[in-house]
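Below, each value reflects all heavy atoms present in this structure, side chains not excepted, and no hydrogens, waters or symmetry copies. Every value quoted in this text rests on a predicted model; they were computed, and no experiment measured them.
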Amino acid sequence: MDLYQELIIEHAKRPHRAGLRAPFDAEVHHVNPTCGDEVTLRVARDGDVLSDISYDSLGCSISVASGSMLADLLTGENLDTARTTFAAVRSMLTSKGADPGDEEVIGDAIALAGVAKYPARVKCALLSWMALADALAKTGVNLSEESHV
Amino acid sequence: MTVPAPALAAFSDQELARIRADFPILSRTVRDGKPLVYLDSGATSQKPYAVLDAERGWYTELNAAPHRGAHALSEEGTEAYEGARATIAGFIGARADEIVFTKNATEAINAVAYAFSNSAAGGGGGAGERFRIGPGDEIVVTQMEHHANLIPWQELSARTGASLKWLEVTDDGRLDLSRVREVITERTKVVAFVHASNVLGTINPVDAIVARARKVGALVVLDACQSVPHLPIDVADLGVDLLAFSGHKMLGPMGIGVLWGRREVLDAMPVFLTGGSMIETVTMERATYAPAPQKFEAGVPNAAQAIGLAAACNYLTNLGMDRVSAHEHALTGILLDGLRERPWTRLIGPDSLENRGGAVSFVVNGVHAHDVGQILDEHGVAVRVGHHCAWPLHRRFKAAATTRASLAPYNTPEEMTAFFAALDTVPGIFGIEV
């Protein structure tokens with residue numbers, strides 16, 4: 001089936017940059033109450049740059065892979081890139097298939113495009129991204145572009 | 001000398017074909033034309049035409065507010081609504097005036113939990129004494145409860161200062177009764193437990209728990225959501241005080257559930273929801289209440305759903321609950337055998353047909369249940385994945401989530417084969433060694 005792209009299986013089996021690390025500026029714990037998926041995510045900032053994103057996740061292949069892709073994509077990037085990537089991933093996942101995603105912007109996360117057709121799984125794919133947004137909010141940064149003025 | 005009764009047979013292919021023809025949804029396809037294999041009846045069952053027609057018949061022939069007004073429709077509607085109560089009572093060996101309609105089993109259990117705290121607040125008068133609870137008193141549940149039979153008791157504990165205790169679960173998924181005397185004590189006011197676990201399939205020894213509860217004078221509340229749809233039930237045999245079940249898990253409509261209580265228990269029980277039609281007299285300052293069951297049915301009832309549930313009871317009675325039970329037993333055996341043959345799975349629950357219902361939960365080692373469910377769904381096989389509203393039980397078995405197949409009278413041996421064929425594609429996709 002097209003949902004389980006090879007990239008998803010690879011990230012899920014060996015998630016990149018996994019494990020909780022210090023130092024960090026904020027830590028959050030998010031759960032998906034319908035299935036019990038959990039992620040603890042830490043973010044460290046060096047001014048405008050996300051110097052480290054570390055996490056411990058327990059969940060399905062979609063949620064673990066999505067967290068792994070997030071850490072790959074955004075570690076070492078600045079906040080503007082984080083906002084653009086977050087918006088692009090969220091748009092693709094919540095589009096019900098209308099937004100196919102732009103690999104130039106979201107890299108490996110393009111493999112998650114098939115998730116959009118399965119409403120029950122969108123939350124799994126978004127879990128780590130919402131956790132990152134929440135963690136950054138704790139450091140005083142709004143990751144949602146539209147409310148960033 | 002007694003001769004053991006012959007074991008009842010599962011439904012024959014011909015019988016199954018007739019039964020399945022009664023359920024329109026079973027002939028639809030899913031995910032690009034695949035036949036639906038519905039193994040999620042533990043969450044909610046499908047409905048036969050008899051139930052759908054009964055509900056529609058209410059609105060096309062009888063619709064009026066029961067117990068209000070003296071016009072012809074209201075009278076006929078009231079008669080139909082009360083007739084439904086009598087049918088449902090007969091289905092579980094109860095008296096009609098012992099059947100309280102609720103919106104589901106969750107509301108039924110909350111009605112009991114709130115009766116305790118309302119009594120603590122002085123509700124129910126002297127008759128409500130049995131429901132009085134406070135600091136120093138104890139509430140007992142089990143580790144295998146559905147959240148619907150756990151959280152209302154956690155909240156009762158928080159509101160009243162009574163402490164919450166529980167019986168634990170053994171590795172093979174049975175209740176651990178070795179400490180029952182320490183858990184159910186003279187301080188216990190209520191013991192609430194599940195008859196058939198929605199995760200493990202375990203059918204609990206009601207007798208042993210009732211005997212202990214009687215010794216200490218505690219009320220016994222039974223969550224019968226997964227037993228009433230699948231086994232012949234007689235409330236007099238069970239010996240509990242109160243029992244809850246949902247209509248939608250037993251071929252009936254959503255939006256209707258039942259709280260059964262022994263007559264004297266319902267009489268003593270303080271009210272929960274208040275308002276119209278549960279009263280006797282009302283002044284601006286206070287009100288007196290109608291006798292049970294009316295005092296527990298505030299507001300215009302879900303009459304169409306009650307009538308739909310009665311139709312479901314009649315449908316099940318015509319199938320024969322002993323046959324339903326034998327049929328599901330046979331299918332459960334196929335599921336347990338199949339999982340045993342697949343060492344890359346881990347069964348959560350008893351690996352035996354003894355005292356076991358048709359909820360079969362398992363883990364595919366190294367693959368999250370959500371992923372297992374997604375692959376099955378792609379083959380048209382509908383199962384439940386997650387913690388099935390029993391998170392503490394999943395923690396007990398160190399499983400974040402499980403995949404659950406659950407049965408109903410319309411399931412076939414061929415569907416068990418289709419289930420395993422779909423399951424066998426999972427290891428390949430996730431690179432699991434078999």
Exercise. Find the distance between CG (A/Asp37) and NE2 (B/His368) and round it off to the nearest 0.5 Å.
Key: 4.0 Å
Practice problem: Return yes when atom CH2 of B/Trp166 has more than 12 non-hydrogen atoms of other residues, nucleotides or ligands closer than 6.0 Å, and no otherwise. | Solution: no
Quiz prompt | Positions in residues 51-74 of chain A that reach chain B, provided some heavy atom is under 4.5 Å away | solution = A/Leu58, A/Gly59, A/Cys60, A/Ser61, A/Ile62
Exercise. Measure the CD1-CG distance between B/Ile429 and A/Leu3 for me, rounded to the nearest 0.5 Å.
Key: 9.5 Å
Practice problem: Look up atom OH in A/Tyr118 and atom CD in B/Glu378, then write down how far apart they are to the nearest 0.5 Å. | Solution: 4.0 Å
Quiz item: Is atom NZ of B/Lys103 surrounded by more than 12 heavy atoms (other residues, nucleotides or ligands) closer than 6.0 Å?
Solution: no
Quiz item: Can you name the nearest heavy-atom pair linking B/His370 to A/Arg121, along with the distance?
Solution: O-NH1, 3.3 Å
Quiz item: Around atom CD of A/Glu103, are there more than 12 heavy atoms of other residues, nucleotides or ligands at under 6.0 Å?
Solution: no
Quiz item: In terms of heavy-atom contacts, does CG of B/Asp172 have more than 12 from other residues, nucleotides or ligands at under 6.0 Å?
Solution: yes
Quiz item: Which residue pairs pass the ring pair (Phe, Tyr, Trp, His ring centres under 6.0 Å) test when at least one of the two sits in residues 18-54 of chain A, sequence neighbours left out?
Solution: none
Self-check item: For B/Asn149, side-chain hydrogen bond (donor to acceptor under 3.5 Å, both in side chains) partners two or more places apart
Solution: B/Glu145, B/Trp153
Practice problem: Tell me the residues of residues 94-102 of chain A whose non-hydrogen atoms fall below 4.5 Å from those of chain B, in number order. | Solution: none
Quiz item: Measuring heavy-atom distances to chain A, does B/Arg31 have an atom under 4.5 Å in its side chain, in its backbone, in both, or in neither?
Solution: side chain
